[in-house]
Novice: 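Have a look at the structure that comes next, please.
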Amino acid sequence: MMDHTSPGTGRAAHRAATASLAVEAHGLVKVFGANRAVDGVDLFVPAGAIYGFLGPNGAGKTTTLNMLATLLRPDGGRALVFGHDVQREAQIVRQLIGVTGQYASVDETLTATENLVIFARLLGLPRRSARRIAGDLLERFDLTEAGNRPLSKFSGGMRRRLDLAASLIAQPPLIFLDEPTTGLDPRTRAQMWETIRSLATTGSTILLTTQYLDEADQLADRVAVIDHGRMVAEGTPDQLKSTVGVASLQLRLQAADDAAEALRIVESVLGVAAQLPEATLVTAPMADPERVTELLLSIRNAGIHLTEVSVQKPTLDDVFLALTGKTAAEEKGAKT
Amino acid sequence: MTASQIVPGAERHLKNHTSLLASCGNSLTMAYRGLLKIRRTPEQLFDVTLQPILFTLMFTYLFGGAIAGSVHNYLPMLIPGILIQTVITTSVVTGVQLREDMDKGVFNRFRSLPIARIAPLAGALIADTVRYGIATLLTFAMGYLMGYRPAAGLGGVLVGSLIVILFAWCISWIFALFGVVARTASSVQGISLLILFPLTFLSNAFVPVDTLPPWLRWFVTVNPLSHLITAVRQLANQGSIGADFWLSFGGAAGVVAVFAPLTVRAYMRRA
């Protein structure tokens with residue numbers, strides 16, 4: 001815990017001390033009826049970082065984000081954005097953030113250019129600058145050609161990009177992205193990742209929520225795992241993955257008779273304990289991928305035929321299994 | 001993709017309030033947005049374009065002979081009545097669209113921007129005066145085509161139009177309140193029309209008051225819309241400003257005095 005509440009620490013001094021933190025939250029609580037959607041979240045996001053908020057649907061990710069973005073009033077605790085209180089200094093906080101919500105936060109009936117120009121005008125830019133920055137952003141997000149089309153003709157990926165572009169007009173030092181790739185196809189998803197990475201190189205802090213472990217792993221410098229409104233783990237993606245374990249190698253055998261021999265070869269070559277969850281399936285933790293070549297050669301030399309080789313990466317479920325002893329789905333089932 | 005380095009959050013000097021000038025600017029931008037949306041979805045204007053045309057035609061030929069002896073004699077009485085009915089009904093849209101807007105994702109973005117909290121509401125109210133203007137223009141144009149020649153000339157018609165638009169704007173605060181507090185857009189529409197239907201029909205818009213039974217006559221004479229209709233008739237047909245003009249004016253001001261604070265307070269709690 002930081003000593004921010006200790007007497008004698010003036011607000012200005014405190015602000016200077018926390019200036020390197022983009023977001024600082026203590027005991028955030030939000031209650032909807034009988035549901036404690038966010039139940040005492042502490043959060044420290046260093047300036048300039050990409051920070052991932054990982055959790056299943058309904059874990060409280062969006063609710064937390066909305067409180068930090070001044071869209072929801074916390075029922076308890078407090079949050080600071082670059083040292084400014086999100087409740088008392090909401091209008092300052094709003095000048096420091098860009099928010100891209102889960103659902104299109106742009107006007108469907110207007111064109112991409114009109115949307116951006118209106119947001120830019122609202123941010124106080126004169127008409128000409130508003131047009132210029134709208135043009136620049138459309139170009140940067142590869143939307144120039146679609147600039148004068150109404151949004152109803154946009155694909156999901158284009159809409160997300162426009163949504164993100166709209167959040168960047170004021171060049172905010174802190175950007176909130178609520179599930180930026182949910183529902184996107186793999187190619188568009190990779191593009192969005194690239195965009196997010198390049199945003200971080202401009203010095204912006206990015207706080208994103210996601211349901212995907214690999215997304216948090218790919219993008220985030222630090223990850224907080226949230227479940228039932230509580231933070232269950234926090235750290236770098238590597239620290240997180242080490243609690244989960246490594247990817248698992250899966251070998252599907254042609255004949256069940258070879259199972260015992262295959263198991264023995266896997267254990268001797270990889271030097272780990274292998275398992276036989278099904279009659280023709282051998283699985284083993286894959287700590288060192290380089291030894292897989294050797295393993296496959298040994299298997300061929302032993303005259304064992306494989307029908308399938310695959311690698312199973314740890315999923316969000318594995319994280320929850322490791323952290324809470326239950327999968328996300330089980331947790332959900334237990335709740336309802 | 002390139003972008004210049006951004007200014008770090010801790011190095012920015014910012015104020016925690018929005019100036020009056022900026023608030024007005026924000027509201028005008030929101031009004032501009034409202035007008036753009038009308039341009040992009042012209043079907044929104046069906047009510048203000050079709051209603052004056054249809055109602056004026058229908059009521060004139062239906063009631064003209066029976067009430068005024070002839071279609072031509074009925075027009076000076078009917079046109080101001082139809083005008084007020086149409087424009088006031090149009091003001092319901094303010095509430096309906098406000099509700100629709102507040103339910104959309106884009107409203108969250110407005111709330112996350114450092115703009116005056118009141119701007120989306122103010123913008124909607126400003127943009128809607130354009131709808132009232134269109135409805136007014138079409139009603140008078142329709143009347144003119146059917147042979148209505150206001151005795152007071154263009155000046156009277158203009159002043160009459162302005163007071164109708166002003167009155168509709170004042171009334172739209174009521175529907176804006178419904179829009180802010182209601183759960184769905186269709187409920188706003190439903191409640192608003194339930195109130196407006198008796199108000200517009202139980203007035204002196206279509207029939208002379210002295211033909212009504214005493215209890216109804218009482219209601220019609222206290223109905224604020226009757227005073228507004230009389231005021232516009234006097235302006236357009238005689239070019240005179242009477243007590244009804246000032247009554248309407250005062251009534252409209254009263255509505256704003258009561259409903260603007262209520263609406264703003266309800267709205268700010270959600271914005």
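All heavy atoms count here, side chains included; hydrogens, waters and symmetry mates do not. Because the structure is a prediction, the values reported are computed rather than measured.
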Novice: Please identify each residue that fulfils side-chain hydrogen bond (donor to acceptor under 3.5 Å, both in side chains) with A:D107, with sequence neighbours left out.
Specialist: B:R33, B:K37
Novice: Is it true that, when you exclude A:E139 itself, more than 12 heavy atoms of the residues, nucleotides or ligands shown sit nearer than 6.0 Å to its CD?
Specialist: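 No, the 6.0 Å shell around CD holds no more than 12 heavy atoms from other groups.
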Novice: Please state whether the side chain, the backbone, both or neither of B:A116 comes within less than 4.5 Å of a heavy atom of chain A.
Specialist: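 The backbone, not the side chain.
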Novice: Between the side chain of A:Q95 and the main-chain N/O of B:L113, is any donor-acceptor distance below 3.5 Å?
Specialist: no
Novice: Does a sphere of radius 6.0 Å around CZ in B:F249 hold more than 12 heavy atoms from other residues, nucleotides or ligands, not counting ones at 6.0 Å or beyond?
Specialist: no
Novice: Side chain, backbone, both or neither: which part of B:T41 has a heavy atom under 4.5 Å from chain A?
Specialist: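 Side chain only.
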Novice: Please give me the minimum heavy-atom distance between A:L71 and B:N108, naming the atom from each residue.
Specialist: CD2-O, 3.5 Å
Novice: What part of A:L122 is in contact with chain B, defined as an atom under 4.5 angstrom from a non-hydrogen atom: side chain, backbone, both or neither?
Specialist: both
Novice: Are any side-chain N or O atoms of A:R94 and backbone N or O atoms of B:N16, one a donor and one an acceptor, separated by less than 3.5 Å?
Specialist: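 Not confirmed, A:R94 side chain does not pair with B:N16 backbone.
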Novice: For B:F110, is it the side chain, the backbone, both, or neither that has a heavy atom closer than 4.5 Å to a heavy atom of chain A?
Specialist: side chain
Novice: Quick one: pull up CZ in B:R39 and CG in A:L110 and give me the separation to the nearest 0.5 Å.
Specialist: 10.0 Å
Novice: If contact means a heavy atom pair closer than 4.5 Å, which residues of residues 160-168 of chain A contact chain B?
Specialist: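 Within residues 160-168 of chain A, the residues under 4.5 Å from chain B are A:D163, A:A166, A:S167.
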Novice: To the nearest 0.5 Å, what is the distance between CD on B:Q44 and OG1 on A:T109?
Specialist: 7.5 Å
Novice: Counting neighbours of CZ on A:R222 that are heavy atoms of other residues, nucleotides or ligands and sit closer than 6.0 Å, is the number greater than 12?
Specialist: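 More than 12 heavy atoms, drawn from other residues, nucleotides or ligands, come within 6.0 Å of this atom.
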Novice: Crowded around A:E145 CD? As in, over 12 foreign heavy atoms under 6.0 Å?
Specialist: no
Novice: So how far is it from B:K15 NZ to A:Q91 CD, rounded to the nearest 0.5 Å?
Specialist: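 Rounded to the nearest 0.5 Å, the NZ-CD separation comes to 12.5 Å.
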Novice: Other residues, nucleotides and ligands only: do more than 12 of their heavy atoms fall within 6.0 Å of CZ on B:F201?
Specialist: yes
Novice: Less than 4.0 Å between a side-chain N and a carboxylate O, is that true for A:E108 and B:K104?
Specialist: no
Novice: So, taking the atom named CG in B:L14 and the one named CD in A:E89, what distance separates them when rounded to the nearest 0.5 Å?
Specialist: 9.5 Å
Novice: In sequence, state the C-alpha distance, the side-chain angles, and the governing distance for A:F119 and B:V106, and then conclude on side chain to side chain contact (heavy atoms under 4.5 Å, CB included).
Specialist: CA-CA 10 Å; A:F119 295 133; B:V106 71; 3.9 Å; yes
Novice: Do A:R121 and B:N26 come close enough that some side-chain heavy atom pair is under 4.5 Å?
Specialist: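 Sidechains of B:N26 and A:R121: no contact.
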Novice: If we define contacts as heavy-atom pairs under 4.5 Å, which of B:P114, B:G105, B:G25 has the most with chain A?
Specialist: B:P114
Novice: Hey, mind stepping through B:R109 and A:S105 against side chain to side chain donor-acceptor pair (under 3.5 Å) and telling me if it holds?
Specialist: CA-CA 6 Å; B:R109 181 177 298 281; A:S105 34; 3.2 Å; yes
Novice: May I ask you to check whether over 12 heavy atoms, not counting those of B:Y144, lie within 6.0 Å of atom OH?
Specialist: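 Count not over threshold, so no.
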